[in-house]
Each structure stands twice: as structure tokens, then as C-alpha cells.
Asker: 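Below are the C-alpha cells for one structure; questions will follow.
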Amino acid sequence: MKITLKDGSVKECESGMRAIDIAQEISEGLARAACVAEINGEIKDLRTVITEDCELNILTADDPDGLATIRHTASHVLAEAVKRLYPDAKLAIGPSIENGFYYDFEAEPFSREDLDEIEREMKKIIKEGHSLTRITLGRQAAINYMANRGETYKIELIEDLPEDAEITFYDQGAFTDLCAGPHLMSTKGIHAYKLTSSSMAYWRGDSDRAQLQRIYGTAFNRKDELNEYLEYLEDIHKRDHNRLGREMEIFTTVDVIGQGLPLLMPRGAKMVQKLQRWIEDLEDNEWGYERTITPLMAKSDLYKLSGHWQHYRDGMFVLGDEEKDREVYALRPMTCPFQYYVYKASQKSYRDLPLRYSETSTLFRNEESGEMHGLTRVRQFTISEGHLIVRPDQMEEEFEGCLALAHYCLETLGLEKDVTFHLSRWDPDNPKKYIGDAKVWEETEDSIRRILIKLDIPFVEDIGEAAFYGPKVDINTKNVYGKDDTMITIQWDAVLAEQFDMYFIDANGDKVRPYIIHRTSIGCYERTLAWLIEKYAGKFPTWLCPEQVRVLPISEKHIAYAEKVRAELAKNGVDVTVDSRSEKIGHKIRDASKYRLPYMLIVGEKEEEDGTVSVRSRFEGDEGAKPLQEFVDAICEEIRTKEIRQEAPQEKK
């Protein structure tokens, strides 16, 4: 038979050879490095017997599919190690994933010490060097096989397969697991691995099913690759807003209050206050918005008119029972229909448009409990919401303006390089999810596409991600774990004005339907705060810091001067505190460092005599003594311009 290799060359081989045997004929080194085979474009086990002409590519750990095979085999080694140490544990599933692998077990929770012990057992299994053998059984025989071992989760997986399915298992000595493969030839092919964490997981992702224990791990071909990844994980841990936000006393959560309902502590509240004041002043004074304040709830009649009741009710908090109560209310998941009635309160002429309404809106969404995460996915949140009511001929210019405002906000926060743009489109194969006809959807999507191309903004298109009433631009970023979150949304709406009977009088005296842009300038404040914590690892730009300066008197004798320094800074709008405790200065510096403060001012006898402050900053370290007024002027300018100063490089220990 003729085997066409990756480089286009053709190799003559005997029919019935395994992929690994062909790899050995090509090169012993290739066979040693081989993880998996790609046969006619499909990923196959190296044990696969080839009987006819084909294209063959032998994949190593340098290929994503090769590395995934190492990780998949590592998950089986993990499962065997757990069964050796905890014989009563039941096996669920154990796939490779983007950055490693996991395995789910019905067992007691695993501690870090347990994971270390399991790692040691994995090392023994790998050293034993068992070959992995592929076994096939009929459906009933496979069920009986797992029933004899008490593996109820595996039985359920098998029962979901067709009656005539051929079920595959992989045996590695004393351990056999249900699996479609592929796997390495031997456990000795695993060279560098680490169990990283454990958590609770639901069987098949269903919160109504059994709670399992998930062990996460990762594996690489070389130790240096593993060490580099572990350093990356350590950086993630340092930046994780869920941990850092609590450590820095920015926010907390309480079970008795409820999931997705975070409490912003004074530091977090101060940061959100600064963001809100900045955005409100920016929108109102520089971008021509008019501010509204509207109710947090409304009758179901409003949401039925907007279409949210039909398309979004499961995501709303409903107050009352339609069968018992004449009036049923719901907490608002958005502000748009409220602002429509602000518009409708008086007749509008074409000369009045565009009208730009903005509101700092508190919204409520009934997210699934499994979706809750710190500040990024919550049930109550506040958003920089706005709606522009415009003439159709103004739509593209105003849409461009919304994109420009979003870019300005991102740039000011130092986040403009961290985002991706998405044109979120409707799904024409599922039209019941949307309102409006196909022609309107196609025209509006084309308009947004044209704007993005004109502005030279790179973007991807996502089918099925549009709002039910119109396409949108989603500006996304990844959190420290690599998950995409939408930060800012700008939506094109050509249909809701009809439902709400909104119109303006044109130059001919005729009634004309306006278009509507739904947009945010900075998005959800809670999610933005999470984003900032992770971006800056808690070391925020000075203007955003809840505490910008802490004055540290060397002794009680210098408290009066420290208070004088504080008063001068506070008079100039700087957020400043004094640490007047009877502690040594080194202890005070260590305590202040916990909050990643931009500036500490140390004052003693010499500073008081000279009218100076000794400046210790995050940016330059020890900056020496400076006249008080010089420091006041410098920090006020830094805050006014919202400067993002670079951190001083850390010395390696």
C-alpha cells in the first residue's frame, strides 16, 4: 500500500501495518516521540492498523493533538492512582482540556496533601511503564463489565450509546477504563505533569445531579515547559480578582445574602464611585448625553410590549403570580423601555434628534447558580447604560461615536490592547428567537460590518449571539483563566420603535420611526472592577486607587505633622490617610504594602523641620525627600491626567 507522508513523499508499506510500525520504519526517533497518528485528516490511535492507501502524519508533543494525547493518558494514570489510594471512589469522566486534563470522581473532597499523595502514586504508575491496550466489547458486555466493578457513572455513559455500538476500553495493567481514545503506547510517555487543583463539579454539568470531586492537572513533554506553565498559573493566582479583591478588602460575598450578590466594601465602593463620576461627567459634559433616573421594576405589561417577557423571562426576577395577582411586576434586566417613555413624554421633531439618554442603571438578571463568579457574573449589577434615539440618516455616524467613546474609555483605563471586537449576528436558522424580518437583520448587520471595516477595527462574526431585537458589537476580553467576558456592548435596533409607537415629525410634517442604539460606555461597573483588579494585579493607576497616599509618622511625636500633611493633600482632593498607630515604621510599611498603595509618605523630625515628606512609591521605590507642595502638585497632576505610571522593575531574589 502507498502511504503519503506530511512532506508529500510516498512510502510503500505492507498492508496491515500499525501506524507506530510505519513511524519506526521512517525513523526510530520519530517512533519514540510519536503520540498519535493523523490518518486521512482524522486523529487515530498509533495502534491503528492501516490496510489501504492513505495520507499519514505522525504527531508528536509539538502538535496540539499530540500534546492532548499525553494529557488524556495522564488523566487515566490519575484515575488509576485515585483508585489505588481510594478504592471506594467511583469514576466519572476524564478528558484532556485546553491547558491540561481533569477527572471527576464520586469521593470525599481532596486536599492539597491528597493531591500530592496522588501525584506520588502517579509517578509509580508511570515508572512501571504499562502498555496501553485497546479493548472492544459489545454494549451489554460493556455494561456487565462496569457493573462488576460498581462503576455506575460509566454504565450510564454506555447506556446512552446505540444498541449496536462497539464499546472501547483501554487497559494499562491493573486498570481498565471506558474510553474512545486515542492514548499513548505506554504510561512511560508521560514526562512532566502536575495536579493543580480540585473542586466540586456536577455530574454531566447538571446542578440537579450528583456532586462529584474534580481533580485538575496538566502535563507537558518537557519539565521546562511544565515549569513555565506553573509560573503562569502562579501569576494567575496572584491576579485572580476573586482572591485579590477579598485580600485587598475591595469586595466580599456572604452565603446568607445570596450568590451573585457581592458586597462592595469601602475600598471597592470608592473605586466604583470614581468610575461612575468620571463616566457621568464624560457623557454629560463632553459627549452630549442627558441623564435619566428610572424605576428598578415595572409591570409585566412593559416587558410584554418590549418582547423581554416572551424572549427573556427566565432571566428575570418576577414579583407576583400571574394566575393569582392582577398586577405582576419584575425587576428590570435593562433600562431601554423606561427611557423610551422618557422620549415619548413629548412630541419630537427631526431637529431634536439625535437624543442621547444615559443612566447609571442598577439591573437584575436571574443567572444560573453555576454561572456565578466573583464580580464578573452577578445577579445585581450597575451599568453605564445609554440609548440614542436617532434619525435613520444619523445612525451610522452615531454608532461610530459610540465606538469612539468606548475606545476612549478603554484607552484611559489602559485596557484598549486587551480586547477583541465581535459582530454578534442573528441565527437565520432559528428565527423564533428574534423579532423583525430577515431583510432588516441583513441590512443592519451589513451596516455594522461596513462601519467596523471603515474604522479599520479587526473583528470576528458570531452567529446566534445577537440580542433578540438587533445585531450588536460586543467588545470582549479574557479573564485570567482565559474565559471570554463581554465588557462593552453597542446594539443596533431598527424594530423596537415600532412596538413602542415611537416617532418624530420630519421636515414634511410626517411621522417617522426613529432608530435606536443601545450602548454602554464602560459596561458593568462590577465586571470592570474585576477586570481592573486582574489587569493591574491590584496595583491600580493612582487616580483609581481608593487610598492614594498613606502618611506614616515615625513616632507619636510626628503625628501632628502627619495630620498637617494629610489635610493639605485632602484639601486638594487626594484620598489620604494617616497611620497613627504606635508601631515601628517597618511594620507600618508592610501593612500599607498589602493594599498596593501608589504612595507612602514617611515623616519624622527632619521632614517636619524642612517642610518635606520622604516619598516611597510603587513606581520608583524610595524617591527621597521632597517639599510637600512639590509632591502635592505632582500627584494632583497625575490624578488629573489619569496617568498610568509604569511600575519599577522587581529585583530578582
Side-chain angles (χ1 to χ4, degrees), residues 298 300-318 330-341 343-344 361 363-368 371 383 385-392 395-396 398-399 402-403 420-453 459-476 484-503 512-520 523-524:
S300 60
D301 305 49
L302 179 70
Y303 305 116
K304 290 174 182 174
L305 187 59
S306 69
H308 287 87
W309 200 255
Q310 299 88 327
H311 295 272
Y312 197 74
R313 184 178 176 182
D314 289 345
M316 298 167 65
F317 288 100
V318 177
L331 298 177
R332 66 180 183 184
M334 83 311 292
T335 308
C336 44
F338 298 86
Q339 290 190 331
Y340 298 163
Y341 281 98
Y343 175 86
K344 283 166 61 70
S361 306
L363 306 178
F364 306 85
R365 295 188 182 170
N366 192 8
E367 302 278 7
E368 293 287 342
E371 295 293 318
I383 192 168
E385 195 163 19
H387 297 89
L388 292 78
I389 294 91
V390 306
R391 301 193 310 265
M395 188 66 167
E396 293 198 11
E398 290 297 318
F399 203 91
C402 292
L403 285 166
T420 55
F421 287 76
H422 298 249
L423 170 50
S424 296
R425 300 170 53 193
W426 79 318
D427 181 359
D429 294 330
N430 194 8
K432 291 183 179 179
K433 285 176 57 179
Y434 310 94
I435 58 177
D437 61 41
K439 182 180 179 183
V440 171
W441 279 93
E442 290 167 6
E443 288 175 351
T444 54
E445 287 176 1
D446 284 344
S447 295
I448 295 176
R449 189 180 294 109
R450 186 168 57 252
I451 290 169
L452 292 171
I453 293 170
F459 65 97
V460 296
E461 300 193 15
D462 299 329
I463 301 289
E465 293 299 318
F468 69 84
Y469 49 81
K472 55 182 176 169
V473 173
D474 284 325
I475 304 176
N476 293 1
D484 247 13
D485 288 317
T486 297
M487 307 305 299
I488 295 172
T489 294
I490 304 168
Q491 301 174 346
W492 185 303
D493 176 4
V495 298
L496 284 181
E498 178 77 31
Q499 292 188 224
F500 281 87
D501 192 27
M502 299 167 65
Y503 63 87
V512 179
R513 300 293 182 200
Y515 281 179
I516 302 166
I517 300 174
H518 309 241
R519 50 101 272 179
T520 60
C524 164

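Quick note: residue numbers are just sequence positions, from 1.
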Asker: Do Phe399 and Val390 touch side chain to side chain, with heavy atoms closer than 4.5 Å?
Answerer: no
Asker: Side chains of Arg332 and Tyr303: closer than 4.5 Å at any heavy-atom pair?
Answerer: yes
Asker: How long is the span from the CG atom in Asn366 to the CG atom in Leu331, to the nearest 0.5 Å?
Answerer: 10.0 Å
Asker: Would you mind telling me which of Thr486, Asp474, Thr489 makes a side chain to side chain donor-acceptor pair (under 3.5 Å) with Ser424?
Answerer: Asp474
Asker: Please check this pair: side chain of Asp493 against backbone of Leu496, looking for a donor-acceptor N/O pair closer than 3.5 Å.
Answerer: yes
Asker: Could you check whether any side-chain N or O of Glu398 sits under 3.5 Å from a backbone N or O of Leu388, counting only pairs where one atom can act as donor and the other as acceptor?
Answerer: no
Asker: Using the side-chain contact (heavy atoms from CB on, under 4.5 Å) rule, take Phe459 and Arg449 through it: C-alpha gap first, then chi angles, then the decisive distance, then the call.
Answerer: CA-CA 9 Å; Phe459 65 97; Arg449 189 180 294 109; 3.7 Å; yes
Asker: After noting the C-alpha distance and the side-chain angles of Ile435 and Gln310, does the key distance pass the side-chain contact (heavy atoms from CB on, under 4.5 Å) rule?
Answerer: CA-CA 11 Å; Ile435 58 177; Gln310 299 88 327; over 6 Å; no
Asker: Okay, side chain of Glu445, backbone of Trp426: is any donor-acceptor separation there less than 3.5 Å?
Answerer: yes
Asker: Measure the spacing between CG of Asp501 and NZ of Lys344 and express it to the nearest 0.5 Å.
Answerer: 4.5 Å
Asker: In sequence, state the C-alpha distance, the side-chain angles, and the governing distance for Arg450 and Glu396, and then conclude on side-chain contact (heavy atoms from CB on, under 4.5 Å).
Answerer: CA-CA 9 Å; Arg450 186 168 57 252; Glu396 293 198 11; 2.4 Å; yes
Asker: Please report whether the ring centroid of Phe500 lies less than 6.0 Å from that of Tyr340.
Answerer: yes
Asker: With His387, which residues qualify under ring-ring contact (aromatic ring centres under 6.0 Å, His included), at least two apart?
Answerer: His518
Asker: Closest approach of Gly464 and Lys433, non-hydrogen atoms and distance?
Answerer: O-NZ, 3.8 Å
Asker: Look only at the side chain of Arg513 and the backbone of Met502, and say whether a donor-acceptor pair between them is shorter than 3.5 Å.
Answerer: yes
Asker: How close do Val495 and Gly436 get, heavy atom to heavy atom, and via which atoms?
Answerer: CG1-CA, 4.0 Å
Asker: To the nearest 0.5 Å, what is the distance between CG on Leu363 and CE on Met316?
Answerer: 11.0 Å
Asker: Looking at SG of Cys336 and CD of Gln491, how far apart are the two atoms once the value is rounded to the nearest 0.5 Å?
Answerer: 8.0 Å
Asker: Quick check: do Met334 and Ser306 have side-chain heavy atoms less than 4.5 Å from each other?
Answerer: no
Asker: Minimum heavy-atom separation for Tyr515 and Ala494, please, with both atom names.
Answerer: CE2-CB, 3.9 Å
Asker: At what distance, to the nearest 0.5 angstrom, does CD1 of Ile475 lie from CE of Met487?
Answerer: 10.0 Å
Asker: For the ring pair Phe468 and His308, is the centre-to-centre distance below 6.0 Å?
Answerer: yes
Asker: Which heavy atom in Ile463 sits nearest to a heavy atom in Asp427, and how many Å separate them?
Answerer: CG2-CA, 4.0 Å
Asker: Taking the side chain as C-beta and beyond, is there a heavy-atom pair between Ile451 and Trp492 under 4.5 Å?
Answerer: yes
Asker: Main chain of Gly315, side chain of Arg365: is a donor-acceptor contact present, judged purely on distance under 3.5 Å?
Answerer: no
Asker: Do you know which two heavy atoms are closest between Cys402 and Ile517, and how far apart they sit?
Answerer: SG-CG2, 4.0 Å
Asker: Minimum heavy-atom separation for Gln499 to Leu305, with atom names?
Answerer: NE2-O, 2.6 Å
Asker: Rounded to the nearest 0.5 Å, what separates atom NZ in Lys439 from atom OG1 in Thr444?
Answerer: 12.5 Å
Asker: Can Leu403 and Ile490 be said to form a side-chain contact (heavy atoms from CB on, under 4.5 Å), step by step?
Answerer: CA-CA 8 Å; Leu403 285 166; Ile490 304 168; 3.6 Å; yes
Asker: So do Tyr469 and Ile516 actually touch side chain to side chain, heavy atoms under 4.5 Å?
Answerer: no
Asker: Is Ile448 close to Val473 at the side-chain level, that is, under 4.5 Å between some pair of heavy atoms?
Answerer: yes
